[in-house]
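A short worksheet on the structure shown next.
The sequence lines fix the lettering, A, B, ..., with proteins before strands; numbering per chain opens at 1. Bear in mind that the values here come from a model prediction, so they are computed numbers and not experimental data.
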There are 2 protein chains.
Amino acid sequence: MPGDHQEDPLENKLLAALPDADLARWLPQLEPVDLPLGKVLYESGRRLSHVYFPTTAIVSLLSVMEDGASAEISVVGHEGIVGVSLFMGGDSTPSRAVVQSAGRGFSLKAHLLLLEFNRAGSVMHLLLRYTQALITQMAQTVACNRHHSVDQQLCRWLLLSLDRLASDELVMTQELIANMLGVRREGVTEAAGQLHKAGLIDYRRGHITVLDRPGLERRSCECYGVVKKEYDRLLPASKAT
Amino acid sequence: MPGDHQEDPLENKLLAALPDADLARWLPQLEPVDLPLGKVLYESGRRLSHVYFPTTAIVSLLSVMEDGASAEISVVGHEGIVGVSLFMGGDSTPSRAVVQSAGRGFSLKAHLLLLEFNRAGSVMHLLLRYTQALITQMAQTVACNRHHSVDQQLCRWLLLSLDRLASDELVMTQELIANMLGVRREGVTEAAGQLHKAGLIDYRRGHITVLDRPGLERRSCECYGVVKKEYDRLLPASKAT
DNA sequence: GATCATATGTACGCAGGCGCACAGACACTT
DNA sequence: AAGTGTCTGTGCGCCTGCGTACATATGATC
């Protein structure tokens, strides 16, 4: 869909939080990109050529094992940036970034981001604070994977995804969700069935609609709340100073 | 034990990797500290007053749930620093840092570290690279928790701990290990029994001795290797430039 | 509207890990 | 040398999630 309706970089909250002076410099360099379902933005061990600022898409960071088994480390949506390892100094990461929910975003050439980062001003601090939030998400996921049921994790996952979307509908198969959570597809079917029975969600073939968000939050493990709170704390919805 | 033998900050590899000019400035500010087993270096949500550079101690970063259940996110030994969230901009983290193996280290006042970090030179890049390695460890732990057996995880954990110690003996109860891995104490007993039967380790009441390191590596899941490789890549044993 | 790939539902046995309970064994105290 | 607290070993039954297999439903395509 060329000439799509929304092509505003400010839909990405990280970009929106940039001081005006910085933003003005960035805008000409940002390229709108289409992020179709399943697109791999970066692969384990490969050098990063671009970073991405999703606007309507959601991207998952996955840890992938030799045998193909995977688990989601964290999710990135319109609140963040894909490719933090670039400015952390790694050039690459041993994880994979995959578009989990189709949409759009903006890309920026790696060397340009590095230039901006190395100015060591508010841009840098903003990116580091975002990374800190990402770390929190990972840390919580470690414990969640260990201690909570598929049911609870599904709630957490739905809520985290929802926060990163405008709508209350996810275009997403259960198979995909299973890959993210690192569980069986059947396990997701079962858990989703429970949530449906409880009147919290509705779904059909590749679409999940959340009916009762507060209900989901109540059913979810504490992990969702912990992560959300930390994102809100570290990345308030206002300009960086 | 006052006037202990080794009080050399350079035993910490991160400090050792500092350019001489930076190191010279730091040395007078570093205070040797005793890190006894179980000491909490920072608590969830609390402001960090110091950062720590372990030399002979090992520190675990834990995710702690409301009900007290926990899981280790990552380990820090003589290769690193405890308190990365300070310079990442968070002031605090929702995790806890506990001394997992008694020993010593050096502390540095938070504001001094921030001053150094904000010079935005090689110190900053070194710390960020270290943080990137830490992130890798977390990411791998997410997947490991999900897909690997207690047996394999114990191997990984032993190896990671060993890399952060001089000796091949860990002073550590199975109960403690269970807390780190987020499993039952009995599960660790069982797994340790297996490893003993296989001639890989020896142990008695609070002490574990590794007999066959290569054997452990073979028995461990791939996660150990992935993490190790990334630490080596990001933090080579030489001065930063 | 028939066809077909793909998404979802269900069932069954199995294994790993949990919670609990208690027995033995070790090291430190006095 | 005895006493004591803690650490380790072991044995249940239970439940969750896994692997496998197959049945059914749905929505896109022709």
Separation of [Y] [atom2] from [X] [atom1] (nearest 0.5 Å):
| X | Y | atom1 | atom2 | result |
| --- | --- | --- | --- | --- |
| A:Ser95 | B:Met138 | OG | CE | 13.0 Å |
| B:Leu200 | B:Gln194 | CG | CD | 10.5 Å |
| A:Met65 | A:Ser44 | CE | OG | 10.0 Å |
| B:His148 | B:Cys221 | NE2 | SG | 5.0 Å |

| said: With a cut-off of less than 4.0 Å, is there a side-chain N or O of A:Tyr203 near OP1 or OP2 of D:dT26? | reply: no
Distance check needed: [N] [atom2] versus [X] [atom1], whole Å only.
| X | N | atom1 | atom2 | answer |
| --- | --- | --- | --- | --- |
| A:Asn179 | D:dC18 | CG | C1' | 15 Å |
| A:Gln174 | D:dG17 | CD | P | 15 Å |
| B:Leu170 | D:dC7 | CG | C1' | 16 Å |
| B:His147 | C:dA15 | NE2 | C1' | 17 Å |
| B:Lys197 | D:dG9 | NZ | C1' | 12 Å |
| B:His207 | D:dC7 | NE2 | C1' | 11 Å |
| A:Arg184 | C:dG16 | CZ | P | 15 Å |
| A:Gln194 | C:dG9 | CD | P | 12 Å |

| request: Please figure out whether B:Glu186 or A:Arg185 has its closest DNA chain C nucleotide nearer the 5' end. | output: A:Arg185
| said: Should the side chain of A:Arg205 and the base of C:dT6 be counted as holding a donor-acceptor pair, with the cut-off at 3.5 Å? | reply: yes
Classify the nucleic acid contact of [X] as base, sugar-phosphate or nothing, counting any heavy atom under 4.0 Å across all strands shown.
| X | result |
| --- | --- |
| B:Glu190 | nothing |
| A:Arg204 | sugar-phosphate |
| B:Gly187 | nothing |

| request: Using a strict 4.0 Å threshold on nitrogen-to-oxygen distance, state whether A:Arg233 and A:Glu230 make a salt bridge. | output: yes
| When you match B:Arg146 and B:Thr173 each to their closest nucleotide on DNA chain D, which lands nearer the 5' end? | B:Thr173
